[in-house]
Undergrad: 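Dropping the structure in here first, questions after.
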Protein chains: 2
Amino acid sequence: MTALVSFEGFTLAPGIPIYQQILLFLKRGAVSGVIQNGDELPSRRVLSALLGVNPNTVQKAYRMLEEEGLIASHSGAKSVMVLDGETLARVRAELLEADARSAAQALRQLGLTKAEALALIERYWE
Amino acid sequence: MTALVSFEGFTLAPGIPIYQQILLFLKRGAVSGVIQNGDELPSRRVLSALLGVNPNTVQKAYRMLEEEGLIASHSGAKSVMVLDGETLARVRAELLEADARSAAQALRQLGLTKAEALALIERYWE
DNA sequence: CTAACTGTATTATACATCTGATACGGTTTG
DNA sequence: CAAACCGTATCAGATGTATAATACAGTTAG
């Protein structure tokens, strides 16, 4: 209950905007249930120090999440995840479709058969 | 034999650098066999007009491919794909690993089981 | 041969991303 | 209460991406 959102296992990938990586990490955590409604987020300053990025970059990610309704911020207090059923269903559908579609398209364009693609995903699962 | 590389089916995705999309399209075409050794590429000007982007953007993609050894350019004449066995194997491994790994990671982070992930890929295959 | 096309290069501009430094007022905590 | 932390905001600068307008020399085709 009201746990602190952990960024353990988060690693920065080169070439992709950092604020987008933070967005994706939090959305995927919410969809998987690792992050729950009411969980507190690390402050902008703390997270930026943890990730080694600028506070403004974290602020941009948090701000966009707030505009999507996944975060509630009150000036002076820590921000909190807001995850009602409707929002969760929307984000889940958004992420599932995007990830599955892009994966299928990439592997098909490489000339793989469906069976070969499934076998490859299975091999890289762990 | 020495066919012209076709960009039919190529659509610009927002948020990803255009020169990277051109790189990926040509690499995937080469790996799948749709593009073959010796095939002529559309000129920088023609392709930029076809895609509705700036010639410099196409030039950047072609230049990077030449640095990787996948394209041969001779000032004044059309550029040509250079796809020996070794290069193809390298690019194939590079793309397969990147695509499969990122897909597996994304779907697993969403809390899906391996079976659910495979079923999802299958659903979005066509 | 000549015109049209090709690769290559340069300069300027615009926008998004990221960083760095700083500041202000609100909230929490000892 | 007071110090420490918080969210928020602003300004400047660096870099990467993309556009726009040219220019020049080499190759190709009629």
Undergrad: Between D:dA18 and B:Asn54, counting only base atoms on the nucleotide and side-chain atoms on the residue, is there a donor-acceptor pair under 3.5 Å?
TA: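 Answer is no: no donor-acceptor pair is held.
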Undergrad: Decide yes or no, distance alone: a donor-acceptor N/O pair under 3.5 angstrom between the base of C:dG7 and the side-chain of B:Arg45.
TA: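 Present.
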Undergrad: Please report, rounded to the nearest Å, how far the P atom of C:dT6 is from the CD atom of B:Gln59.
TA: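 In whole Å, C:dT6 P and B:Gln59 CD are 13 Å from each other.
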Undergrad: Can A:Arg90 and A:Glu86 be counted as an ion pair, charged N to O under 4.0 angstrom?
TA: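 Salt bridge flag = no for A:Glu86 with A:Arg90.
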Undergrad: With respect to the phosphate group of D:dT19, does any side-chain polar atom (N or O) of B:Thr57 fall under 4.0 Å of OP1 or OP2?
TA: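 So the side-chain polar atoms of B:Thr57 do come within 4.0 Å of the phosphate oxygens OP1 or OP2 of D:dT19, strictly under.
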Undergrad: Within the side chain of B:Gln21, is there an N or O that forms a donor-acceptor pair under 3.5 Å with the backbone of B:Ile16?
TA: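 It does hold such a pair.
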Undergrad: Whole angstrom is fine here: how far is it from NZ in A:Lys78 over to P in C:dT28?
TA: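 Rounding to the nearest Å, NZ of A:Lys78 and P of C:dT28 are 11 Å apart.
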Undergrad: Check whether any side-chain N or O of B:Ser79 sits under 4.0 Å from OP1 or OP2 of C:dT6, and answer yes or no.
TA: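 No, outside the criterion.
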Undergrad: NA contact type, B:Tyr62, heavy-atom cut-off 4.0 Å: base, sugar-phosphate, or nothing?
TA: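 Answer is nothing: B:Tyr62 stays at 4.0 Å or more from every strand.
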Undergrad: In this structure, how many angstroms lie between the P atom of C:dA16 and the OH atom of B:Tyr19, rounded?
TA: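 The answer, rounded to whole Å, is 18 Å.
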Undergrad: Of the candidate nucleotides C:dT19, C:dT28, D:dA18, which contains the atom at the shortest distance from the side chain of A:Ala77?
TA: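 It is C:dT28.
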Undergrad: Would you call the rings of B:Phe25 and B:Phe7 parallel, tilted or perpendicular, taking 30° and 60° as the class edges?
TA: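 Rings of B:Phe25 and B:Phe7: parallel, under 30°.
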Undergrad: Establish, with yes or no, whether the OP1 or OP2 oxygen of C:dT6 is under 4.0 angstrom from a side-chain nitrogen or oxygen of B:Ser43.
TA: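 Yes.
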Undergrad: Which whole-number value in Å describes the distance from A:Leu41 CG to C:dT27 P?
TA: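 The distance from CG of A:Leu41 to P of C:dT27 comes to 19 Å, rounded to the nearest Å.
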Undergrad: Report yes or no: does B:Thr57 contribute a side-chain atom to a donor-acceptor pair with the main-chain N or O of B:Val53 at less than 3.5 Å?
TA: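 No, the answer is negative, given that no donor and acceptor are paired below the 3.5 Å cut-off.
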Undergrad: If you assign each of B:Glu66 and A:Pro55 to its closest nucleotide in DNA chain C, which residue comes earlier from the 5' end?
TA: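 So the residue in question is B:Glu66.
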Undergrad: Take A:Gly76 and A:Ile16, find for each the nucleotide of DNA chain C with the closest heavy atom, and name the residue whose nucleotide sits nearer the 5' end.
TA: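 Final value for this comparison: A:Ile16.
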Undergrad: Would you kindly give the CG-to-P distance between B:Leu23 and D:dT17, to the nearest whole Å?
TA: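 In whole Å, D:dT17 P lies 11 Å from B:Leu23 CG.
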Undergrad: Starting at CG of A:Asn56 and ending at C1' of C:dA16, how long is that distance when rounded to a whole Å?
TA: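 These atoms are roughly 14 Å apart.
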Undergrad: Hey, is the side chain of B:Arg44 poking within less than 4.0 Å of OP1 or OP2 on C:dT8, counting only N and O atoms?
TA: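 Yes, B:Arg44 has a side-chain N/O under 4.0 Å of OP1/OP2 on C:dT8.
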Undergrad: Ignoring backbone atoms, test whether A:Lys60 places a side-chain nitrogen or oxygen under 4.0 Å from the OP1 or OP2 oxygen of C:dC18.
TA: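 For C:dC18, neither OP1 nor OP2 has a side-chain N or O of A:Lys60 closer than 4.0 Å.
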Undergrad: Distance check needed: D:dT17 P versus A:Gln20 CD, whole Å only.
TA: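 Between P of D:dT17 and CD of A:Gln20: 14 Å.
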Undergrad: Separation of A:Glu40 atom CD from C:dT27 atom C1', in whole Å?
TA: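 So the CD-C1' distance, A:Glu40 to C:dT27, works out to 12 Å.
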Undergrad: Are the charged groups of A:Glu126 and B:Arg108 less than 4.0 angstrom apart, N to O?
TA: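 Here A:Glu126 does not pair with B:Arg108 in a salt bridge, since their nearest N and O are not under 4.0 Å apart.
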